[in-house]
Undergrad: 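Structure below; questions to follow.
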Amino acid sequence: MRLAEKFPVYKAVKFALLIELFFVNILYAQTIEVQILCSSGKAFISKLSGEKTTLRDSVTVIANGIYKFTLDKGNYHPGFYRLSFNKNKWIDFVNDGEDVSIKTYANNVLDSLKVINSESNKIYNSFILLNKQYKIKTELLQLILARYPKDDGYYKTTEQKVKELQNEYTEFVKVISQKNPNSFVARYIRSAQLPVVDYSLPIDKQIVYLKSHALDKVDFSDAGLIYSDVFSNKSIEYLTYYRNPQLPKELLEKEFMIAVDTILNKAKVHQLVYQHITEYLIDGFKKFGFDKIIDYIIQNYVIKDDLCLDEKTENSIQRRLDQNKKLPIGAIAPNIVLPDAGGKDIDLSKLNSEKVLIVFYASWCPHCNELIPKLNDLYIKQKTKSLEVFAISVDTTKSDWLNFIKKNNLNWINLFAVKGWGSKAASDYYLYATPTMFLLDKQRKIILKPTTFEEIHSYF
């Protein structure tokens, strides 16, 4: 006899539980409707974490540019999400437990955006617009305060206008946006707010104040804010206070290290936030070629505190450590055999030049696009052909590599690592970033591991 037949009440209980679960699912699901006029086809939903996006789902337009879908609380945590459409356009919205309705135009997404439903998204949109206007207006008024004499009547008028703007901004941040203080958007705004500065102070004193107090309002203990851009934005904002274009790179790196210490020591109050910001800083400094700062973060934070970072970042760090350990100055460089543009294999060990510069690069890498033309100019202008360049592309598409060679008129040894980052050459050299360079002598010993063009140029 089946359980339901033996115990008739079982059927009723089971049915009741199913009904209850059905209504619970409805209760915990948010309906998202975005109308993008002049748009069609599929759109993609991604969750945001700093500058990283993770694809979660796709949705097809219903009619009149309407995309409609639901977010189940069991699968979609509170935070920022992105609806991407028309290949390179998107709308960011807050999932804060409410139904959302947004309307905009595909050819003017941000300026035409209107939040029809969702108090959280109305507040978020107002905050973004207010931030933008506040920055523009206060920066312009600050220029006046810096140039007008304090006893001038217009100075007093400008000073009063700045105070009005600051009061309006503070009122929104502290009162208007905080009607539901535990909501995601309220917590986000408390941490994302811009610092209010006394603009009557000289610029140097304003910077001193910002270095000491710009992070005071950031709640580093709120791990939920990982699912937004607040920690990445605040890190970048804080680093700008230490940026001085007039400083040589070595001194600028030291300044940034001071900023990194402040940011990461504050982030230590919560392990997940600490890991999140550390990953972001490593990725960011990697893009701009600040290798010494990355090494500093790895040694003083990642290794010291045994941080568990995401797999991609950890693999990059491990390769970096392995490269430093196994390919030091004086080591014999591993041999490389790769095909050139004509398909002919070129063997590193058979080159007869006095010196060889191995360059790992990719056509899509911004730093590579800055470095390669300079290297090419140096290569062309060398008086004695003592230096040969062994340029290895890790592009995934061969046509991108060939177009890059043609565009930059590269007549040195151009090679293509067919498997890219998974190639033997990338593995043998523990490649963790592009560009990566090794300067070899005639015996193929590593004599320099330059990270900038200036290091190569000064060597010759």
Side-chain angles (χ1 to χ4, degrees), residues 49-52 131 134-135 138-139 142 169-170 173 187-199 201-310 313 316-317 320:
S49 179
E51 293 183 353
K52 294 181 180 179
N131 256 15
Y134 179 75
K135 287 181 74 174
T138 53
E139 284 173 5
Q142 186 180 9
Y169 187 80
T170 304
V173 169
R187 288 155 41 216
Y188 172 81
I189 289 173
R190 288 200 298 270
S191 285
Q193 64 180 284
L194 295 168
V196 175
V197 184
D198 182 356
Y199 289 114
L201 293 173
I203 295 295
D204 57 340
K205 289 188 177 180
Q206 289 183 36
I207 295 297
V208 170
Y209 173 84
L210 288 167
K211 286 179 178 180
S212 299
H213 299 287
L215 299 176
D216 287 355
K217 304 295 185 181
V218 182
D219 188 358
F220 290 97
S221 66
D222 189 345
L225 293 178
I226 287 173
Y227 304 111
S228 75
D229 58 9
V230 68
F231 294 126
S232 54
N233 285 351
K234 280 298 174 181
S235 296
I236 284 291
E237 179 188 300
Y238 191 72
L239 286 166
T240 60
Y241 306 139
Y242 290 80
R243 182 178 176 272
N244 184 345
Q246 297 178 338
L247 289 177
K249 186 176 181 181
E250 184 178 349
L251 293 179
L252 185 59
E253 285 177 327
K254 289 182 179 179
E255 285 294 299
F256 281 151
M257 287 176 192
I258 296 171
V260 164
D261 283 338
T262 301
I263 295 168
L264 292 183
N265 280 310
K266 284 181 175 292
K268 284 184 178 183
V269 296
H270 197 291
Q271 189 72 2
L272 291 178
V273 175
Y274 184 23
Q275 291 169 192
H276 171 78
I277 296 177
T278 302
E279 288 172 3
Y280 173 74
L281 290 174
I282 289 172
D283 289 343
F285 284 122
K286 186 191 298 181
K287 290 176 185 175
F288 293 97
F290 285 103
D291 284 1
K292 289 182 180 177
I293 303 178
I294 297 172
D295 289 338
Y296 180 81
I297 294 172
I298 291 170
Q299 293 297 329
N300 292 278
Y301 296 96
V302 177
I303 294 176
K304 185 178 178 181
D305 293 336
D306 194 24
L307 279 181
C308 180
L309 308 180
D310 70 35
T313 305
S316 176
I317 289 173
R320 187 184 195 93

Undergrad: Over all heavy atoms of both residues, which pair between Ile263 and Leu239 is shortest? Give the atoms and the distance, please.
TA: CD1-CG, 4.4 Å

Undergrad: So does Asp291 pair up with Arg320, basic N to acidic O under 4.0 Å?
TA: yes

Undergrad: With rounding to the nearest 0.5 angstrom, report the CG to OH distance, Leu281 to Tyr296.
TA: 12.0 Å

Undergrad: Does Lys268, at its NZ atom, have more than 12 non-hydrogen atoms belonging to other residues, nucleotides or ligands within less than 6.0 Å?
TA: yes

Undergrad: Do His213 and Pro195 make a side-chain contact, defined as non-hydrogen atoms from C-beta onward lying under 4.5 Å apart?
TA: no

Undergrad: Counting C-beta onward and ignoring hydrogens, is there a side-chain heavy-atom pair between Asp305 and Thr278 closer than 4.5 Å?
TA: no

Undergrad: Working to the nearest 0.5 Å, report the span between CD1 of Ile236 and CG of Asp229.
TA: 11.5 Å

Undergrad: With side-chain contact (heavy atoms from CB on, under 4.5 Å) as the criterion, how do Val218 and Lys266 come out once you've worked through the C-alpha distance, each side chain's angles and the decisive distance to 0.1 Å?
TA: CA-CA 9 Å; Val218 182; Lys266 284 181 175 292; over 6 Å; no

Undergrad: Quick one: pull up CD1 in Ile297 and CG in Leu264 and give me the separation to the nearest 0.5 Å.
TA: 6.0 Å

Undergrad: Side chains of Leu251 and Glu255: closer than 4.5 Å at any heavy-atom pair?
TA: no

Undergrad: Could you tell me the separation between the CG atom of Asp216 and the CG atom of Leu210, rounded to the nearest 0.5 Å?
TA: 10.5 Å

Undergrad: Hey, are the side chains of Lys292 and Lys249 touching, using non-hydrogen atoms and a 4.5 Å cut-off?
TA: no

Undergrad: Check whether the side chains of Asp310 and Thr313 place a donor and an acceptor atom closer than 3.5 Å, and report yes or no.
TA: yes

Undergrad: Can you name the side chain to side chain contact (heavy atoms under 4.5 Å, CB included) partners of Asp219, sequence neighbours left out?
TA: Ser191, Ser221, Asp222

Undergrad: Under the side-chain contact (heavy atoms from CB on, under 4.5 Å) rule, what do His270 and Phe220 come out as? Steps first, then yes or no, please.
TA: CA-CA 7 Å; His270 197 291; Phe220 290 97; over 6 Å; no

Undergrad: Does the plane of the ring in Tyr238 sit parallel, tilted or perpendicular to the ring in Tyr242? Use 30° and 60° as the thresholds.
TA: tilted

Undergrad: Between Ile282 and Ile294, what is the shortest heavy-atom contact and its length?
TA: O-CD1, 4.0 Å

Undergrad: Output the distance between atom OH (Tyr301) and atom CG (Leu307), rounded to the nearest 0.5 Å.
TA: 10.5 Å

Undergrad: Please report the closest heavy-atom contact between Ile207 and Tyr241, naming both atoms and the distance.
TA: CG2-O, 3.7 Å

Undergrad: Do Ile293 and Phe288 make a side-chain contact, defined as non-hydrogen atoms from C-beta onward lying under 4.5 Å apart?
TA: no

Undergrad: Does the side chain of Val230 reach to within under 4.5 Å of the side chain of Arg187, using non-hydrogen atoms?
TA: no

Undergrad: What heavy-atom pair brings Lys286 and Ser316 nearest, and what distance separates the two atoms?
TA: NZ-OG, 3.0 Å

Undergrad: Nearest 0.5 Å please: distance from the CG atom of Asp295 over to the CD1 atom of Ile317.
TA: 10.0 Å

Undergrad: Quick one: are Lys52 and Asp283 in side-chain contact, heavy atoms under 4.5 Å?
TA: yes

Undergrad: So, for Ser49 and His276, which heavy atoms are closest and what is the spacing to 0.1 Å?
TA: OG-CE1, 3.3 Å

Undergrad: Begin from the C-alpha positions of Tyr199 and Thr138 and carry the test side-chain contact (heavy atoms from CB on, under 4.5 Å) through to its verdict.
TA: CA-CA 9 Å; Tyr199 289 114; Thr138 53; 3.8 Å; yes

Undergrad: Report yes if the distance between the aromatic ring centroids of Tyr280 and Phe231 is under 6.0 Å, otherwise no.
TA: no

Undergrad: Can you name the nearest heavy-atom pair linking Asn131 to Ala192, along with the distance?
TA: ND2-O, 4.4 Å

Undergrad: Mind telling me whether Tyr134 and Tyr169 have parallel, tilted or perpendicular rings, with 30° and 60° as the class edges?
TA: parallel

Undergrad: Asp261 and Asn265: side-chain donor and acceptor closer than 3.5 Å?
TA: no

Undergrad: Tell me whether Lys211 at atom NZ has more than 12 heavy atoms from other residues, nucleotides or ligands lying less than 6.0 Å away.
TA: yes

Undergrad: Verify, without hydrogens or angle tests, whether Gln193 (side chain) and Arg190 (backbone) share a donor-acceptor contact under 3.5 angstrom.
TA: yes

